[in-house]
Amino acid sequence: MGLLQTVRAALQRVRGGPAVQCTHLDQIRDVTPLTSGCQECLELGDTWVHLRMCMTDGQVRCCDSSKNKHASRHAREHAPDHQIVRSMEPGEDWFWCYTDETLVQAPGPTGTAQNPRPPME
């Protein structure tokens, strides 16, 4: 996520949930990463900051904090079908929808994803 998306995600958590509901949950597939790094950066001999995996096809691309922003470009080039990515960073289990600009809760034991629910206080 770029800085704006990171701030937006943090505000969503503070406010108790997402401002919008993701309408692309049906795009989440049972995929495995096709590479261990950003395929396009590897081909260019370039580096990245963080990695994201497309939940439709398993393509691994670099985040918007990386100079090439391959993950969001993949989403734009394959719109409207490849809009949800998963963070590939150790210890992170969040998903992001590029179209709806919202966090998506990781799939549960039944394999279905949901929009994050506000925390109970």
Side-chain angles (χ1 to χ4, degrees):
M1 275 194 289
L3 179 60
L4 179 59
Q5 292 171 327
T6 301
V7 170
R8 185 178 292 129
L11 285 172
Q12 288 175 353
R13 284 188 210 109
V14 170
R15 291 180 185 152
V20 296
Q21 296 292 305
C22 176
T23 58
H24 302 88
L25 300 179
D26 61 328
Q27 294 180 9
I28 297 175
R29 306 282 187 267
D30 184 17
V31 296
T32 56
L34 297 179
T35 59
S36 60
C38 175
Q39 183 62 42
E40 293 183 55
C41 286
L42 289 168
E43 291 170 4
L44 293 169
D46 218 336
T47 60
W48 55 83
V49 177
H50 297 290
L51 297 172
R52 309 292 179 243
M53 179 176 65
C54 175
M55 293 309 298
T56 302
D57 63 10
Q59 296 288 324
V60 177
R61 299 292 187 253
C62 58
C63 71
D64 282 357
S65 294
S66 302
K67 70 178 185 177
N68 294 312
K69 304 178 183 182
H70 288 128
S72 58
R73 186 171 80 190
H74 179 78
R76 280 191 312 276
E77 289 175 353
H78 297 286
D81 299 321
H82 296 233
Q83 298 309 297
I84 297 182
V85 293
R86 184 188 108 193
S87 172
M88 295 295 291
E89 296 307 305
E92 294 183 357
D93 66 352
W94 54 264
F95 289 47
W96 177 259
C97 177
Y98 283 107
T99 300
D100 295 318
E101 296 184 340
T102 191
L103 289 171
V104 177
Q105 186 177 37
T110 61
T112 58
Q114 300 175 353
N115 288 291
R117 296 181 193 265
M120 301 301 286
E121 296 184 9

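Every heavy atom of this structure was used, including side-chain atoms; hydrogens, water molecules and symmetry mates were not. Computed from a predicted structure; not experimentally measured. Numbering starts at 1 and runs along the sequence shown.
Outside the 6.0 Å centre-distance limit, the rings of H70 and H74 are not counted as a close aromatic pair.
Residues C62 and C38 come closest through the heavy atom pair N-SG, 3.4 Å. The minimum heavy-atom distance between R52 and A71, with the atom names listed, is CB-CB, 3.9 Å.
The side-chain heavy atoms of H24 and T99, taken from C-beta on, include a pair separated by under 4.5 Å. Put simply, the side chain of I84 does not reach to within 4.5 Å of the side chain of W96, judged on heavy atoms. Side chains of F95 and I28 form a contact here, defined as non-hydrogen atoms less than 4.5 Å apart.
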**Message:** Please determine whether side chain to side chain contact (heavy atoms under 4.5 Å, CB included) holds for the pair N68 and W48, giving the CA-CA distance in whole Å, both sets of side-chain angles, and the decisive distance to 0.1 Å.
**Reply:** CA-CA 8 Å; N68 294 312; W48 55 83; over 6 Å; no
**Request:** Evaluate side chain to side chain contact (heavy atoms under 4.5 Å, CB included) for D100 paired with T23, printing each intermediate quantity in order.
**Result:** CA-CA 7 Å; D100 295 318; T23 58; 3.1 Å; yes
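Residue L44 is not grouped with residue L42 when hydrophobic side chains (ILVMFWY) are merged at heavy-atom distances under 4.5 angstrom, including chains of intermediate members. A single hydrophobic cluster is not seen to contain both V49 and V60; linkage of ILVMFWY side chains at heavy-atom distances under 4.5 Å, directly or through other members, places them apart. Hydrophobic clustering, with ILVMFWY side chains joined whenever heavy atoms are under 4.5 angstrom apart, groups V31 together with M88.
Separating the CD atom in Q59 from the OG1 atom in T35 is a distance of 7.5 Å, to the nearest 0.5 Å. The CD atom of Q83 lies 6.0 Å from the SG atom of C97; values are rounded to the nearest 0.5 Å. Between the SG atom of C22 and the CD atom of Q27 there is a distance of 7.5 Å, given to the nearest 0.5 Å. Taken from CE in M55 to NE2 in H82, the straight-line distance is 12.5 Å, to the nearest 0.5 Å. Going from atom OG1 of T56 over to atom CZ of R29 covers 6.0 Å, rounded to the nearest 0.5 Å. Atom CG of L51 is separated from atom CZ of R86 by 11.0 Å, given to the nearest 0.5 angstrom.
One finds a salt bridge joining D46 and K67 here, because a Lys/Arg side-chain nitrogen approaches an Asp/Glu carboxylate oxygen to under 4.0 Å.
Side-chain atoms of D93 and S87 include no donor-acceptor pair closer than 3.5 Å.
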